[in-house]
Visitor: 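Sharing a structure below in structure tokens format, with a few things to ask.
No hydrogens, no waters, no symmetry mates; every other heavy atom, side chains included, goes into these values. First the proteins, then the strands, lettered A, B, ... as listed; each starts at 1.
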Amino acid sequence: MANMAQAIRMALHYAETHLGVTDIFGEDVGAPLGGVFTCTQGLKTTWNSPLDERGIIGAAMGIAMGGGRPVAEIQFCDYVYNTIDLLKLAGNTCWSSNGDWNLPMVVRTPVGSGIRGSIYHSHSFDATMTHIPGWKVVMPSTPLDAYGLLISACKEQNPVMYLEPKALLRVKGEERIPGEPDDDRTLSKLIDAPLGDRSQWKPQWPEALEAFAVPIGKGKLVREGNQVTVVSYGRTLPLCARAAATLADEGISVEVIDLRSLWPYDWDMMKASIQKTGRVLFVNEDTEVTNFGEHLVRRTVDELFYSLLAPPRLLAGKFVPGIGLADTLEMASVPQQNDITTALRALAGEQP
Amino acid sequence: MSRPRLIKESSAPLPLDRELLVRIHDLMVKTRVLEERLIQMYKQGHGYFWIGGPGEEAFNVPLGLLMKKGQGPEYDFLHAHYRQSGTLLALGEEPIGALRQMKNTASDPYSGGRNFAGHFSLRKYNVAPVSSPIEVQYSIAPGTAMVQKRVGGDGITIVTGGDAGTAEGDFATCLVWSSRPANPLPVLIIVTNNKWGISTSAEGQHGEPRVSERGKAFNIRSKTINGNDPVEAYLELKEAMEYVRKERKPFLLEANVSRLYGHSSASGANYVTDEVDCLKDFEKRLEQDGVLTRQQMDDLRNRYTEDMAAAARIARDEPLPEPESIWKHIFAEDK
């Protein structure tokens with residue numbers, strides 16, 4: 001099965017050949033590197049931009065205004081902060097022009113911990129991005145969803161922020177992307193650029209790739225359960241799924257929801273689950289103060305208070321200025337497997 | 001560099017057709033009267049904030065007249081700033097739209113009552129929405145130019161901003177992205193230099209003798225012109241636009257202009273007597289050359305003043321947007 005980087009690459013190939021994507025660009029996105037995480041190797045519309053994030057977001061807006069369909073990349077989300085007013089402008093262009101203009105553009109950026117990236121390559125962007133109205137915000141946790149969400153993003157009439165959990169980019173999927181070869185080695189031979197000189201290399205894209213789309217705004221019920229709900233996305237989602245499997249052995253039944261879209265999000269799915277279980281834990285790795293999960297906690301309290309058997313909980317990154325490089329510091333800064341299992345066990349045992 | 005022009009001597013005959021001179025004058029008067037009406041509306045409490053460009057008519061009107069007007073990459077794109085009502089009127093807009101935006105009526109054609117005066121948006125003529133953060137348009141402009149270059153044809157991207165905003169990185173972004181040897185872009189980069197950034201004088205900001213000289217480092221053809229002279233502005237804009245259209249390369253044009261009513265209502269919006277008034281100067285020359293009489297020009301101004309007062313009364317009585325309309329247009333529907 002494809003890993004997430006390969007899935008993103010295949011979706012972009014499909015999008016530039018079938019969905020009208022005209023420009024896939026950013027720092028080191030084009031040849032020879034094809035992206036620092038290899039997500040853009042071998043694509044035909046890629047090009048390398050100047051080392052200028054404001055220029056990248058501005059150009060994407062201009063290309064979208066001009067009638068193109070850009071997919072821009074910010075190499076790490078830590079470096080997107082100097083474009084924040086442009087992101088605000090992209091989000092309000094349709095509204096402030098009373099519907100006169102809209103911007104069909106996608107911005108991809110890797111987020112989160114897990115690659116020992118130290119202080120400037122480990123940031124999360126979910127709270128900041130969901131604070132900017134006018135954008136759709138998605139974050140996959142599997143290669144298949146990465147493929148399907150990107151297909152949807154490239155069909156959108158609106159700006160879409162596509163957050164890539166960098167810890168999961170090399171993780172192979174358990175589900176097959178429609179059209180990908182059965183054998184991993186065959187896939188790698190077809191679409192992974194060789195090491196060394198790749199000036200003569202051309203990928204051979206699987207011909208059977210399909211426009212498999214994951215609708216923006218729809219979550220995924222990863223595991224059914226009836227005692228406690230856990231809602232997550234990105235890097236922490238597979239940890240939540242593993243925690244649920246562990247707790248099942250202890251007789252604790254955990255329902256796992258992969259939110260996939262942060263805006264708009266699948267409240268119906270969360271609501272139904274929380275009403276069933278009466279207990280909910282939101283998990284992500286952004287810093288915990290003014291965290292996107294806090295919004296979900298607030299909405300849960302506002303709308304589902306009388307269905308709750310325990311206070312809704314949030315497990316998030318510590319409110320510290322960065323993620324230190326030492327393993328011990330990184331592990332202490334963002335939720336790990338054990339933290340999630342412990343939090344779920346405690347919540348499941350909590351009685352009114 | 002372009003060759004110098006000898007058009008500033010007042011004895012030389014005006015080097016444009018009479019019809020064009022009359023049209024430019026008409027639009028300059030119309031723009032000035034519109035701006036004065038907007039200021040009056042603000043002072044009477046019929047708007048919360050005024051910002052505009054009285055003093056820049058001599059440059060903005062020719063720019064609008066010279067644009068290749070239409071929708072899509074075959075036509076010119078304008079990434080404007082908020083001092084360009086003259087350009088919009090020259091493109092054919094009716095002044096009542098600007099008055100409606102000042103009054104924030106539901107009928108405001110540019111933002112539906114959501115944005116400040118002077119914040120135009122006109123997709124049908126490729127006028128990108130004007131933003132309050134100054135200079136972001138310089139980062140966006142290379143994008144439309146890239147599409148235009150790819151599409152072919154002679155459509156160009158025009159981006160305008162003030163001299164103070166050239167301190168922002170977006171101006172450097174525009175110079176860098178437009179001039180890359182591997183992919184030069186058809187962008188006419190304009191700086192209207194009124195020597196002020198709100199209350200900061202040019203001496204407080206600019207070490208460079210001329211903003212246009214910043215183009216040199218990027219091998220961008222550039223020039224500084226007198227933007228208070230509509231004839232010079234017209235001829236220089238025409239030449240610069242022809243270069244960008246044909247060569248598909250950037251051009252940096254700095255136009256020295258006046259700021260006749262200060263920065264905005266925040267600085268009082270009163271007439272500044274020690275600035276050059278481009279309209280007064282132009283009228284003197286038109287009269288001197290026998291293009292128009294003083295009487296004709298006074299009549300024109302009076303007629304526009306009456307028209308504008310009538311239009312303002314219409315705008316004043318129109319309803320504000322419905323509160324529920326805040327939910328409209330957050331996202332575009334699939335088309």
Side-chain angles (χ1 to χ4, degrees), chain A residues 22-23 25 30 45 47-70 72 82-105 132-136 152 155-160 216-217 263-264, chain B residues 71-74 77 79 106 108-115 119-124 126-133 136-148 150-151 155 157 159 168-170 172-174 176-177 180 182-183 321 325-335:
Chain A
T22 54
D23 298 81
F25 69 102
T45 63
W47 49 273
N48 290 324
S49 74
L51 210 161
D52 174 14
E53 287 81 18
R54 291 187 67 82
I56 292 167
I57 299 298
M61 293 170 69
I63 291 168
M65 277 180 188
R69 188 176 265 284
N82 72 344
T83 73
I84 210 85
D85 62 328
L86 283 163
L87 297 179
K88 180 179 173 181
L89 192 64
N92 73 30
T93 291
C94 188
W95 193 84
S96 68
S97 68
N98 212 21
D100 194 19
W101 290 89
N102 63 294
L103 299 175
M105 58 187 273
I132 307 179
W135 283 78
K136 299 191 177 182
S152 290
K155 288 177 171 174
E156 263 290 332
Q157 298 298 323
N158 299 288
V160 180
I216 294 175
W263 195 271
Chain B
Q71 185 174 340
E74 295 83 7
F77 272 89
H79 299 270
D108 155 19
Y110 310 116
S111 70
R114 291 168 177 184
N115 218 337
H119 287 57
F120 299 102
S121 164
L122 206 58
R123 191 168 195 169
K124 66 175 177 176
N126 284 348
V127 178
V130 171
S131 81
S132 296
V136 289
Q137 67 272 24
Y138 283 118
S139 283
I140 299 168
T144 49
M146 268 181 239
V147 175
Q148 288 174 311
R150 196 178 296 151
V151 165
T157 287
V159 57
E168 303 273 2
D170 300 89
T173 287
C174 196
V176 171
W177 286 63
R180 290 185 296 150
N183 190 21
S325 72
I326 58 169
W327 300 109
K328 281 181 79 177
H329 307 304
I330 295 173
F331 290 117
E333 305 301 325
D334 280 342
K335 288 170 187 167

Visitor: Heavy-atom cut-off 4.5 Å, strictly under: side chain, backbone, both or neither for B/F331 against chain A?
Guide: both
Visitor: Using a cut-off of under 4.5 Å for heavy-atom pairs, which of A/G67, A/P133, A/S96 has the most such pairs with chain B?
Guide: A/S96
Visitor: Is a salt bridge present between B/K124 and A/D100, judged by a nitrogen-to-oxygen distance below 4.0 Å?
Guide: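 Salt bridge absent between B/K124 and A/D100.
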Visitor: Which heavy atom of B/S121 sits nearest to which heavy atom of B/Y110, and what is that distance?
Guide: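 Closest approach of B/S121 to B/Y110: O-CD2, 3.4 Å.
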Visitor: Between B/P142 and chain A, which part of the residue has a heavy atom less than 4.5 Å away: side chain, backbone, both or neither?
Guide: neither
Visitor: What part of A/K136 lies closer than 4.5 angstrom to a heavy atom of chain B: side chain, backbone, both or neither?
Guide: both
Visitor: Heavy-atom pairs under 4.5 Å with chain A are the metric here; pick the option from B/V176, B/V130, B/T144, B/N126 that has the most.
Guide: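 Most heavy-atom pairs under 4.5 Å with chain A: B/T144.
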Visitor: Is A/W47 close to chain B through its backbone or its side chain, or both, or neither, when contacts mean heavy atoms under 4.5 Å?
Guide: side chain
Visitor: Please determine, among A/I57, A/D85, A/D23, the option with the most heavy-atom pairs under 4.5 Å with chain B.
Guide: A/D23
Visitor: Can a donor-acceptor pair be found, under 3.5 Å and without considering hydrogens, that links the side chain of A/W101 to the backbone of B/V127?
Guide: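 Judged by distance alone, yes, a pair lies under 3.5 Å.
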Visitor: Only pairs of heavy atoms separated by less than 4.5 Å count here; which of B/V151, B/L122, B/N115, B/T157 has the most with chain A?
Guide: B/L122
Visitor: With only heavy atoms counted, which part of B/H119 is less than 4.5 Å from chain A, the side chain, the backbone, both or neither?
Guide: neither
Visitor: Please report the shortest heavy-atom distance between A/I132 and A/L87, naming the atom on each side.
Guide: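 The pair with the smallest heavy-atom distance is CG2-O, 3.8 Å.
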Visitor: What residue, out of B/G112, B/P109, B/G113, has the most heavy-atom pairs lying under 4.5 Å from chain A?
Guide: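 Most heavy-atom pairs under 4.5 Å with chain A: B/G112.
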Visitor: Would A/T22 and B/R150 satisfy side-chain contact (heavy atoms from CB on, under 4.5 Å), going step by step from the backbone distance to the final call?
Guide: CA-CA 10 Å; A/T22 54; B/R150 196 178 296 151; 3.7 Å; yes
Visitor: Check for a donor-acceptor pair, side chain of A/R69 on one end and backbone N or O of A/Q157 on the other, with a separation under 3.5 Å.
Guide: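 Not at all, since once roles are kept as given, no pair shorter than 3.5 Å links the two residues.
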Visitor: When you measure from the side chain of B/R114 to the backbone N and O of A/N98, does any donor-acceptor pair fall under 3.5 Å?
Guide: no
Visitor: Taking atom CG of A/L51 and atom CD1 of A/I56, what is their separation to the nearest 0.5 Å?
Guide: 7.5 Å
Visitor: Please identify, among B/A128, B/G72, B/C174, B/G169, the residue contributing the most non-hydrogen atom pairs under 4.5 Å to chain A.
Guide: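 The residue among B/A128, B/G72, B/C174, B/G169 with the greatest pair count is B/A128.
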